[in-house]
Participant: 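Quick one: structure below, then a few questions.
To find a chain, count down the sequence lines: A is the first, B the second, and so on, and within it residues start at 1.
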2 protein chains.
Amino acid sequence: MIMNAKKVHYSRQREQIYGYLSGRDDHPTAEQVYIYMKKELPNLSLGTVYRNLKFLEDSGKLRRISTPQTAERYDWRCENHAHFVCRQCGRVMDLQNINPEAVGAAYGVTEKGRILFANVTVEGICEDCLEAEESNHTMTAHEAE
Amino acid sequence: MIMNAKKVHYSRQREQIYGYLSGRDDHPTAEQVYIYMKKELPNLSLGTVYRNLKFLEDSGKLRRISTPQTAERYDWRCENHAHFVCRQCGRVMDLQNINPEAVGAAYGVTEKGRILFANVTVEGICEDCLEAEESNHTMTAHEAE
DNA sequence: ATACCTGCAAATTATTTGCAATATA
DNA sequence: TATATTGCAAATAATTTGCAGGTAT
């Protein structure tokens, strides 16, 4: 049976949350969005942020990315693309686009299921953290393990 | 300065948790491990399960895998390999092994950071869920969106 | 004997949800 | 006016942690 599609009302909160996210390349968490937006909308609530992030995700305007860290991050670039995550500082950087079917083929998806998306996240230590670590070592000598 | 390495004591809990995980190919969550282990060790506590999973992960005997679902899953296969996750039933299946450097190269890691690991997860609907969905459709006619 | 580990319960963290009030269509 | 959306606070879910007692070395 036809589900009566609920009509979407405009909301300034939703607009601004999307506006904040779009264009940036640093994949903020819900909390980060909240803290920033609070400056412009002082009585914004965290629940509203979560609700709108989910709404925007469901309507295909945002993508949620799960990293080995706890909190989810949000990305306005919706084409399927890879990420690099620094294990030290947690930064998430964009890499190239991905063809999910191709990834499935490359890594041996054998069954006849439907492929919708491929999550490719390269983990490591970013250049900056690596440098910081090195200069740290030269100063304090060797650490044991 | 040399950190006095703490010596590891044997514990039956740790042994059995690892024993339970190793060999299986369905990637249980901490809760699932707990529920099962409880049968053999009736006064096992969930905290102990978490502590040991983390211990085993840190000592390189288990790998933790983050899927789009909430709870973390644990995998005794530690070589870097890809997974297929069904968005419907949540099942996680093993795919082929991965060379993290190769993935980095393939998707354009440009900076000189260190590459440690690559997370490749193909998302989709598995064969079983697809069939269930289809037989459902033939019975109940079309759904609108 | 010492230090690691456990069970238990309370604490944290991330996210979701019920509800009355408010804004949009 | 009807209903989507909000703010607030309470509720969940997943995981972590402090502590007192138990266990391995």
Participant: Whole angstroms only, please: what is the CZ-P distance between R73(B) and dT15(D)?
Facilitator: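 My rounded result for the distance is 11 Å.
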
Participant: Under 4.0 Å from OP1 or OP2 of dA14(D): is there any side-chain N or O of Q69(B) that close?
Facilitator: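 Negative; the distance criterion is not met.
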
Participant: Can you list the residues that meet the ring pair (Phe, Tyr, Trp, His ring centres under 6.0 Å) rule with Y20(B), with sequence neighbours excluded?
Facilitator: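 For Y20(B) the ring pair (Phe, Tyr, Trp, His ring centres under 6.0 Å) partners, ignoring immediate neighbours, are Y36(B).
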
Participant: Could you tell me the separation between the CG atom of N52(A) and the C1' atom of dT15(C), rounded to a whole number of Å?
Facilitator: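 Distance, rounded to whole Å: 15 Å.
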
Participant: Between dT16(C) atom P and E72(A) atom CD, what is the distance in whole Å?
Facilitator: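 The answer, rounded to whole Å, is 9 Å.
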
Participant: Just N and O in the side chain of T70(A): are any of them under 4.0 Å from OP1 or OP2 of dT13(C)?
Facilitator: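 No, outside the criterion.
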
Participant: L46(A) has an atom CG; how far is it from atom C1' of dA14(C), in whole Å?
Facilitator: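 Taking atom C1' of dA14(C) as the reference, CG of L46(A) is at 9 Å.
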
Participant: Can you list the residues that meet the side chain to side chain donor-acceptor pair (under 3.5 Å) rule with K38(B), with sequence neighbours excluded?
Facilitator: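 Once residues adjacent in sequence are excluded, the partners of K38(B) under the side chain to side chain donor-acceptor pair (under 3.5 Å) criterion are Y34(B).
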
Participant: So, using salt bridge (Lys or Arg N to Asp or Glu O under 4.0 Å) as the criterion, who are the partners of R12(A) when residues are at least two apart?
Facilitator: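 Expected list: none.
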
Participant: Looking at residues 31-43 of chain A, who's got a heavy atom less than 4.0 Å off DNA chain D?
Facilitator: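 Close to the strand are N43(A).
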
Participant: Measure the angle between the two terminal helix axes of the helix from dA1(C)-dT25(D) to dA25(C)-dT1(D), five base pairs each, and quote it to 10°.
Facilitator: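 Computed from the C1' atoms at both ends, the axes differ by 30°.
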
Participant: Taking only the side-chain nitrogens and oxygens of S45(A), find out if one of them lies under 4.0 Å from OP1 or OP2 of dC8(D).
Facilitator: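 For S45(A), the contact criterion (side-chain N or O under 4.0 Å from OP1 or OP2 of dC8(D)) is not met.
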
Participant: Hey, is the side chain of S11(A) poking within less than 4.0 Å of OP1 or OP2 on dT6(D), counting only N and O atoms?
Facilitator: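 For dT6(D), OP1 or OP2 has a side-chain N or O of S11(A) closer than 4.0 Å.
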
Participant: Would you please confirm or rule out a distance under 4.0 Å between OP1 or OP2 of dT15(D) and any side-chain N or O of Y50(B)?
Facilitator: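 For dT15(D), OP1/OP2 do have a side-chain N/O of Y50(B) under 4.0 Å.
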
Participant: Just how far, in rounded Å, is P of dT17(D) from CG of L53(B)?
Facilitator: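 To the nearest whole Å, that distance equals 15 Å.
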
Participant: To the nearest angstrom, how far is E15(A) atom CD from dT24(C) atom C1'?
Facilitator: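 Computing the E15(A):CD to dT24(C):C1' distance gives 14 Å.
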
Participant: Is the backbone N or O of Q69(B) less than 3.5 Å from a side-chain atom of T67(B), with the two atoms forming a donor-acceptor pair by type?
Facilitator: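 Yes, T67(B) side chain to Q69(B) backbone: donor-acceptor pair under 3.5 Å.
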
Participant: Can you see if the side chain of T48(B) gets near the phosphate of dC5(C) - specifically, an N or O under 4.0 Å from OP1 or OP2?
Facilitator: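 No, because none of the side-chain N or O atoms of T48(B) sits under 4.0 Å from OP1 or OP2 of dC5(C).
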
Participant: Measure the CG-CZ distance between L21(B) and R73(B) for me, rounded to the nearest 0.5 Å.
Facilitator: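 Rounded to the nearest 0.5 Å, the CG-CZ separation comes out at 11.5 Å.
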
Participant: What is the distance, to the nearest angstrom, from the CZ atom on R12(B) to the P atom on dT25(D)?
Facilitator: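 The answer, rounded to whole Å, is 14 Å.
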
Participant: Report the hydrophobic cluster partners of L116(A), with the cluster defined as I, L, V, M, F, W, Y residues connected by side-chain heavy atoms closer than 4.5 angstrom, directly or transitively.
Facilitator: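 L116(A) shares its hydrophobic cluster with F117(A), I125(B), L130(B).
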
Participant: Whether the side chain of R63(A) engages the backbone of C78(A) through a donor-acceptor N/O pair (distance < 3.5 Å, no angle test) should be reported.
Facilitator: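 It does hold such a pair.
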
Participant: Can you name the residues that form a ring pair (Phe, Tyr, Trp, His ring centres under 6.0 Å) with H83(A), not counting sequence neighbours?
Facilitator: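 H27(A), H81(A).
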
Participant: Any salt bridge linking D26(B) with R24(B)? Criterion: basic side-chain nitrogen under 4.0 Å from a carboxylate oxygen.
Facilitator: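 Result for this pair is yes, salt bridge flagged.
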
Participant: Can you tell me the distance, in whole Å, between the CG atom of L44(B) and the C1' atom of dG7(C)?
Facilitator: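 Nearest whole value for this atom pair: 9 Å.
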
Participant: Running the 4.5 Å side-chain criterion over Ile, Leu, Val, Met, Phe, Trp and Tyr, what cluster does I65(B) land in, apart from itself?
Facilitator: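 Other cluster members: V85(B), V92(B).
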
Participant: Just by modelled atom types, is the A118(B) backbone N or O under 3.5 Å from a matching donor or acceptor in the N80(B) side chain?
Facilitator: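 Looks like yes, one N/O pair under 3.5 Å.
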
Participant: Near DNA chain C, under 4.0 Å by heavy atom, which residues of residues 54-65 of chain A?
Facilitator: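 K54(A) - these, ordered by number, are the residues of the stretch whose heavy atoms sit under 4.0 Å from the strand.
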
Participant: Could you list the cluster mates of V103(A)? Members are the ILVMFWY residues connected by side-chain heavy atoms closer than 4.5 Å, either directly or through other members.
Facilitator: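 Listed partners: F84(A), M93(A), L95(A), I98(A), Y107(A), V109(A), I115(A), V120(A), V122(A), F84(B), M93(B), L95(B), I98(B), V103(B), Y107(B), V109(B), I115(B), V120(B), V122(B).
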
Participant: Under the side chain to side chain donor-acceptor pair (under 3.5 Å) rule, collect the residues that match up with S22(B), sequence neighbours excluded.
Facilitator: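 Not a single residue meets the side chain to side chain donor-acceptor pair (under 3.5 Å) criterion with S22(B).
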
Participant: Output yes when a side-chain donor or acceptor of Q32(B) lies under 3.5 Å from a complementary backbone atom of T29(B), and no otherwise.
Facilitator: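 Here the side-chain-to-backbone pair exists.
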
Participant: Could you write out each protein N or O paired with an N or O of nucleotides 18-23 of chain D at a distance under 3.5 Å?
Facilitator:
from: dG18(D); atom 1: O6; to: R51(B); atom 2: NH1; distance (Å): 3.2

